[in-house]
Protein chains: 2
Amino acid sequence: MKKLNVEEAMKIFYQKCEERGLKITPQRVFIYQELLQATDHPSIDEIYQRVKDSLPNISFDTVYRTAFSLTEMKLVDIVEGHSGSRRFDANTGPHHHFRCLKCHKIIDFDSDYYDKVIIPEELQRKFNIVAKKIMLEGFCEECSQIE
Amino acid sequence: MKKLNVEEAMKIFYQKCEERGLKITPQRVFIYQELLQATDHPSIDEIYQRVKDSLPNISFDTVYRTAFSLTEMKLVDIVEGHSGSRRFDANTGPHHHFRCLKCHKIIDFDSDYYDKVIIPEELQRKFNIVAKKIMLEGFCEECSQIE
DNA sequence: TTACTATATAATAATTATTACTATTTGTCA
DNA sequence: TGACAAATAGTAATAATTATTATATAGTAA
Ligand SMILES: [Mn+2]
Ligand SMILES: [Mn+2]
Ligand SMILES: [Zn+2]
Ligand SMILES: [Zn+2]
């Protein structure tokens, strides 16, 4: 893993906040720093619990709003739980998905090329892998037009 | 998309139910059939709403339990919302994820090979794609041992 | 067919996660 | 140093997930 440079990341954070007229508050700084040092992809509540060590009065709502503004600033990614609720698929055959980040549609597509993408040897050894999933994200035809 | 053969799928469904000693109830049949014909990766609640047309007295709980038993039978996949809560990642650099289906840890890994996986031309044209995400699923080192 | 029994169900409650609201506080800048 | 837009804490509301329990039913064997 390319070691995440916290100094550099914070510099970009300050820049982006300024660009967007977002105030530099201790809450915002601590939340982003906590996320920068986390390697376990925490939930809002986990971030909240951790930041409370430094800022005992911080509210859940602040962590919630901040996580989302960081996402909008493209400083953090969501790796799970985009759309709120769990979604099911009875098509267990080989196919792949595109997710619209606006309307949360998940659209199937075929790709021989993606079907053939392999699972690296060293990961096979390390984990007991049962599935490989490729997801493209962006804006669907309708949502692209509106924007 | 390889056209999903409902006949064939139902045959396998009956087989698997029998194997596991699961009773063939109208609820189970309707729920699976509804999922088989859906192409939009519905949530539990969406499945519930749709199945109500055929079985007005069905309960949400039944849909919930059935969706999970179908998942365990590997007749349906979860395509979103594995772990319940939303998870964040401040590492926006190129890297990939492994998800443990048991303990829900999401573990980073590097792969030059996966970094180089491209986005098919025709999808680029169709959608406004901003990200490509590869997720491997299975059981982590600890969870593999216990099993 | 009928009676039995383990499993599944409906109805509902409990829990957990997400999002919204508002009075007060604070960072920014003139 | 004010003025004031933006952010925050505290809390409420909503939505999603999971658990509970009394009743009903599918499957089986007499
Ligand atoms: Mn699909
Ligand atoms: Mn990551
Ligand atoms: Zn869309
Ligand atoms: Zn695990």
Side-chain angles (χ1 to χ4, degrees), chain A residues 10 13-32 34 41-73 75-76 78-88 101 104, chain B residues 10 13-32 34 41-49 51-73 75-76 78-88 101-102 104:
Chain A
M10 288 311 295
F13 166 81
Y14 286 116
Q15 271 172 21
K16 289 212 179 184
C17 284
E18 199 168 353
E19 273 169 34
R20 297 173 179 236
L22 300 179
K23 293 177 180 175
I24 309 297
T25 66
Q27 291 89 342
R28 207 166 247 155
V29 171
F30 273 102
I31 289 166
Y32 184 50
E34 193 62 50
H41 314 90
S43 66
I44 302 267
D45 197 59
E46 285 164 338
I47 303 165
Y48 173 54
Q49 297 304 332
R50 293 172 198 180
V51 173
K52 270 211 285 198
D53 291 345
S54 316
L55 297 171
N57 291 324
I58 196 167
S59 72
F60 179 87
D61 179 71
T62 295
V63 178
Y64 173 81
R65 277 181 298 96
T66 303
F68 273 80
S69 77
L70 291 170
T71 304
E72 271 164 25
M73 293 158 85
L75 291 173
V76 313
I78 294 172
V79 292
E80 169 75 43
H82 279 263
S83 76
S85 56
R86 192 176 277 124
R87 314 258 308 255
F88 295 86
L101 297 171
H104 301 131
Chain B
M10 288 311 293
F13 166 81
Y14 287 115
Q15 273 173 19
K16 289 211 179 187
C17 283
E18 199 168 350
E19 274 170 31
R20 297 173 180 236
L22 300 179
K23 293 177 179 173
I24 309 295
T25 64
Q27 291 87 344
R28 206 166 249 156
V29 171
F30 274 102
I31 289 166
Y32 184 49
E34 193 61 52
H41 314 91
S43 65
I44 301 267
D45 197 60
E46 283 164 340
I47 303 164
Y48 173 53
Q49 298 304 331
V51 174
K52 270 211 286 199
D53 290 345
S54 315
L55 297 171
N57 291 324
I58 197 167
S59 71
F60 179 87
D61 178 72
T62 295
V63 180
Y64 173 81
R65 277 181 298 96
T66 303
F68 273 80
S69 77
L70 291 171
T71 305
E72 271 163 26
M73 293 158 84
L75 291 173
V76 313
I78 295 173
V79 293
E80 171 74 40
H82 278 264
S83 75
S85 56
R86 192 177 276 124
R87 314 258 307 257
F88 295 86
L101 297 170
K102 192 164 191 179
H104 301 129

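Residue numbers start from 1 in every chain, and the chains themselves are labelled A, B, ... in the order their sequence lines are given, proteins ahead of strands.
- In this structure, Tyr64(B) does not reach the dT17(D) phosphate: none of its side-chain N or O atoms is under 4.0 Å from OP1 or OP2.
- Distance NZ (Lys23(A)) to P (dA3(D)): 15 Å, rounded to an integer number of Å.
- Listed nucleotides dT17(D), dA7(D), dA9(D) differ in distance to Arg28(A); the shortest reach to its side chain belongs to dA7(D).
- Contact check, Arg86(A) against dT18(D): a side-chain N or O comes under 4.0 Å of OP1 or OP2.
- For the pair His82(A) NE2 and dA15(D) P, the computed distance is 22 Å after rounding to whole Å.
- Ile44(A) comes within contact range of no nucleotide atom at all, as no heavy-atom separation falls under 4.0 Å.
- OP1 or OP2 of dA9(D) lies within a sub-4.0 Å distance of a side-chain N or O belonging to Thr62(A).
- Over its full length, the helix from dT1(C)-dA30(D) to dA30(C)-dT1(D) turns its helical axis through 30°, comparing axes from the five pairs at each end and rounding to 10°.
- With rounding to whole Å, Glu18(A) atom CD is found 13 Å from dG27(C) atom C1'.
- Annotation: of the two residues near DNA chain D, Phe60(A) and Pro26(B), the 5′-most nearest-nucleotide partner is Phe60(A).
- When all heavy atoms of Gln27(B) and Ile58(B) are compared, the closest pair comes out as CG-CD1, 3.8 Å.
- Enclosure of atom CD in Gln49(A) by more than 12 non-hydrogen atoms of other residues, nucleotides or ligands within 6.0 angstrom is indicated.
- To the nearest angstrom, C1' of dT11(D) lies 11 Å from OH of Tyr48(A).
- Among dA16(D), dA7(D), dT9(C), the nucleotide with an atom closest to any side-chain atom of Arg65(B) is dT9(C).
- A 4.5 Å side-chain heavy-atom check between Glu46(A) and Phe88(B) finds every atom pair outside the cut-off.
- Rounded to whole angstrom, the span from the CD atom of Gln27(A) across to the P atom of dG10(D) amounts to 11 Å.
- Heavy atoms only, all atoms of each residue included: Leu70(A) and Ile31(A) are closest at CD1-CG2, 4.2 Å.
- Side-chain atoms of Thr25(A) lie closest to dT8(D) of the nucleotides dT8(D), dA8(C), dA9(D).
- Protein atom CD1 of Ile47(A) is 14 Å distant from nucleotide atom C1' of dT18(C), rounded to whole Å.
- Place Asn57(B) and Gly84(B) on DNA chain C by their nearest nucleotides, and Asn57(B) ends up nearer the 5' end.
- Counting to the nearest Å, the C1' atom of dA8(C) and the CZ atom of Phe68(B) are 17 Å from each other.
- The base of dA20(C) sits with one of its N or O atoms less than 3.5 Å from a complementary donor or acceptor on the side chain of Asp61(A).
- Nearest approach of Ile24(A) to Cys17(A), heavy atoms of both residues: CD1-CB, 3.6 Å.
- Between Ile78(B) and His82(B) the shortest heavy-atom distance is O-NE2, 3.3 Å.
- Taking the six-membered ring where the residue is Trp, Phe68(A) and Tyr64(A) present tilted rings, their angle falling between 30° and 60°.
- Classified by interplanar angle (parallel below 30°, tilted 30° to 60°, perpendicular above 60°), the ring pair Tyr48(B)/Phe60(B) is perpendicular.
- Rounded to an integer number of Å, the gap from CD of Glu46(B) to C1' of dA16(D) is 13 Å.
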